[in-house]
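Read through the structure below, which is laid out as structure tokens, and then see the notes.
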Amino acid sequence: MTLGPRTFSPFLAGILVLWPIIAYMGAQGYSAAVAIAALLGLVYVRVRGIRIYAVAAIAFVGWIVAAGFWAPEAKALLIGDVREGSFSLDMPGIRFGLTALAGLGVIAAISAVAENSSRVSLGVIVGVAVVQFIGVVVTALFTPQILAWLAPISDPVLEMPQNLLRNANAFMLLLPFLLAWVWHRRNDYWRMAALGLVIVSFAAFAQTGTQTGLTGTALMLFCMAIIKIWPRNGFRILFSGLAVYVTLAPLLLGWGVAQLRGFGIPLPQSFFSRTYSWELVREKVGEAPIFGHGLEASYTWTDTYGDHPAWLADVVARYNAEAASSWEGYLVVPGHPHNMPLQVWAETGMIGACLGSIFLFFLGWRLKLPTSWSPVSRYAAAGLVGVCFAVSSFAYSMWNEAFWASAMLAAAVIFLQARHDGEAQA
């Protein structure tokens, strides 16, 4: 049997059916999902030349892999035993690079999809996004009952609440596509449904305490507005802005955001702790500005608020004297900086940050103008940029390959919509 150009979209839709299940199980399965999609799409990939943004991406990923070798706790490439089911890749740079390669392979395979051939597949994906939306709403309404129900099989204090938050973050990645798809249906009833989708999603994120979700929703709409206001140069503005953000991250976050404390602006405790975390990371950047400390070096930084009496005193002054006992032993950098650009600076140095910025800049200028995309795909793409901006600024580690795998799959859905509408890829 000869595989035709329209056969890859059902494969992608079939994998996306697993999206809600993977999300509720902690989201780690997205790495395997993007790998399977890449293998299925391998037959469709056609390399017609190397783009300049691809060269920048390869250089960036290559430097990330290299940075793993001078990490404080450099890891072996392979660990475990296949026979015991414990075999895995232990170097975060290698996992990150393979995820990036798989994601690019999926998007390259989509370039072979024929025009107007994916209506059913896209309908299935819309259905998956709706199921995910319902799941997030149900979670927001019945969180205590869900935690109690799952208590026998999952820790209801730490593990399961984290999984529920990851589920909300996973839905955020599909929200821009779902919103753009619903908004651009044929009548005003669909637009009312789109408004309801945004309002209910925002309320669900607020109810579950998903601050990243709240920020991501706002940035999604902001980026969509950029495309609306600047229909020709919107992508260039967005990606150039991201490049500047990465380049100036130590200044903007380590110093600029910290100034908010000086103005006496009321800050939630979680964000307040972030400002000191980013300030400490900025200091670490200064210790190894060119090459960085190596991948996952931030996991070895054990400074507590008790080690910084002035910071602890600020906590007590802002909140209450009882806060001293709970904050004194709290890590200033709890595992990782919870800001990807700053983590890139700290762990891969100025070289890594500059390579990442160069890639973002050239990608923005290489993508076709928003006016060359259909309304659904261009607004969905812009919204996904906003969501990823929020997640990368407040949530996961830079080397969390499961998040990047899910982001690549979400991008693949948008490119599939673009191919269905007859648009050429970048």
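Small disclaimer: the values here were computed from a predicted structure and weren't measured.
- Atom CZ in Phe69 sits 3.5 Å away from atom CE in Met91 (nearest 0.5 Å).
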Test log, rule side chain to side chain contact (heavy atoms under 4.5 Å, CB included), inputs Phe359 and Phe239: CA-CA 9 Å; Phe359 163 66; Phe239 283 95; over 6 Å; no
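- Between Met408 and Leu104 there is a side-chain heavy-atom pair separated by less than 4.5 Å.
- Here Trp70 and Trp63 bring their ring centres to under 6.0 angstrom of each other.
- Side-chain contact annotation: Gln417 with Ser374, donor-acceptor N/O pair under 3.5 Å absent.
- For the pair Leu16/Val124, no side-chain contact is recorded, criterion being any heavy-atom separation below 4.5 Å from C-beta on.
- Note on ring orientation: taking the six-membered ring where Trp is involved, the planes of Trp19 and Tyr30 are tilted (angle from 30° to 60°).
- Using a distance-only test at 3.5 Å, with no hydrogens or angles considered, a donor-acceptor pair links the side chain of Ser273 to the main chain of Ser270.
- Looking only at side-chain heavy atoms (C-beta outward), Val128 and Pro20 come within less than 4.5 Å of each other.
- Considering CD1 of Ile64 and CG of Leu295, their distance stands at 7.0 Å, rounded to 0.5 Å.
- Under the 3.5 Å distance criterion, with hydrogens and angles disregarded, a donor-acceptor pair is assigned to the side chains of Asn233 and Arg236.
- Of all the heavy atoms in Ala67 and Glu347, the pair that sits closest is CB-O, 4.0 Å.
- Inter-residue side-chain proximity for Leu175 and Leu384 is flagged as unmet; no heavy-atom pair is nearer than 4.5 Å.
- Within a 6.0 Å sphere centred on CZ of Arg185, heavy atoms belonging to other residues, nucleotides or ligands number more than 12.
- To the nearest 0.5 angstrom, Ile52 atom CD1 is 11.0 Å from Arg366 atom CZ.
- Although no hydrogens or angles enter the test, the distance criterion places a donor-acceptor pair under 3.5 Å between the side chain of Thr208 and the main chain of Phe205.
- Residue Ile414 comes nearest to Phe177 through the heavy atom pair CG1-CB, 4.4 Å, listed as atom of the first residue, atom of the second, then distance.
- Thr247 contributes a side-chain N or O that, together with a main-chain N or O of Ala243, makes up a donor-acceptor pair within less than 3.5 Å.
- Between Leu219 and Val387, every side-chain heavy-atom pair lies at or beyond the 4.5 Å cut-off.
- Leu195 is not listed as a side-chain neighbour of Met192, based on a closest heavy-atom distance of 4.5 Å or more.
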Chi angles and distances behind the side chain to side chain contact (heavy atoms under 4.5 Å, CB included) call for Val200, Phe133: CA-CA 9 Å; Val200 173; Phe133 166 69; 3.7 Å; yes
Intermediate values then yes/no, side chain to side chain contact (heavy atoms under 4.5 Å, CB included), Val332 and Val281: CA-CA 9 Å; Val332 180; Val281 174; over 6 Å; no
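- The local environment of CZ in Phe222 is sparse, with at most 12 non-hydrogen atoms from other residues, nucleotides or ligands closer than 6.0 Å.
- Closest of all the heavy-atom pairs between Gly383 and Pro176 is C-CG, 3.6 Å.
- Under the side chain to side chain contact (heavy atoms under 4.5 Å, CB included) test applied with Asn339, the options Val344, Leu253, Leu252 reduce to a single match, Leu253.
- The closest side-chain donor-acceptor pair between Thr215 and Thr212, if any, does not fall under 3.5 angstrom.
- Between the side chain of Gln343 and the main chain of Met398, a donor-acceptor pair closer than 3.5 Å is present.
- Of all heavy-atom pairs between Ala102 and Val34, the closest is CB-O, 4.0 Å.
- Here the side chains of Leu331 and Asp303 are not in contact, with every heavy-atom distance at 4.5 Å or above.
- In this structure, Trp327 and Trp311 have side chains that are not in contact, with every pair of non-hydrogen atoms separated by 4.5 Å or more.
- Classified by interplanar angle (parallel below 30°, tilted 30° to 60°, perpendicular above 60°), the ring pair Phe11/Phe8 is perpendicular.
- The main-chain N or O of Ala346 is never found under 3.5 Å from a side-chain atom of His293 such that the two would form a donor-acceptor pair.
- With hydrogens and angles ignored, the 3.5 Å screen pairs no side-chain donor or acceptor of Ser201 with any backbone N or O of Val198.
- A donor and an acceptor atom, one from each side chain of Asp307 and Thr304, are located under 3.5 Å apart.
- Residues Leu242 and Val385 approach most closely at CD1-CG1, 3.8 Å, considering heavy atoms.
- In this structure, CG on Leu12 lies 12.5 Å from CD1 on Ile36, to the nearest 0.5 angstrom.
- Rounding to the nearest 0.5 angstrom, the gap separating the OG atom in Ser372 from the CZ atom in Phe235 is 9.5 Å.
- Heavy atoms only, all atoms of each residue included: Leu416 and Ser118 are closest at CD1-OG, 3.5 Å.
- The aromatic rings of Phe361 and Trp365 sit tilted relative to each other, their planes meeting at an angle between 30° and 60°.
- The CH2 atom of Trp183 sits 11.5 Å away from atom CG of Leu197, with the distance rounded to the nearest 0.5 Å.
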Stepwise side chain to side chain contact (heavy atoms under 4.5 Å, CB included) test for Leu280 and Glu283: CA-CA 5 Å; Leu280 180 62; Glu283 295 176 3; 3.7 Å; yes
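- Other residues, nucleotides and ligands contribute at most 12 non-hydrogen atoms within 6.0 Å of the CZ atom of Phe202.
- The list of ring pair (Phe, Tyr, Trp, His ring centres under 6.0 Å) pairs with a residue in residues 378-399, not counting sequence neighbours, reads Phe96-Trp399, His184-Tyr379, Tyr245-Phe389, Tyr396-Phe403.
- Ring to ring, Trp373 and Phe415 are close: their centroids are under 6.0 angstrom apart.
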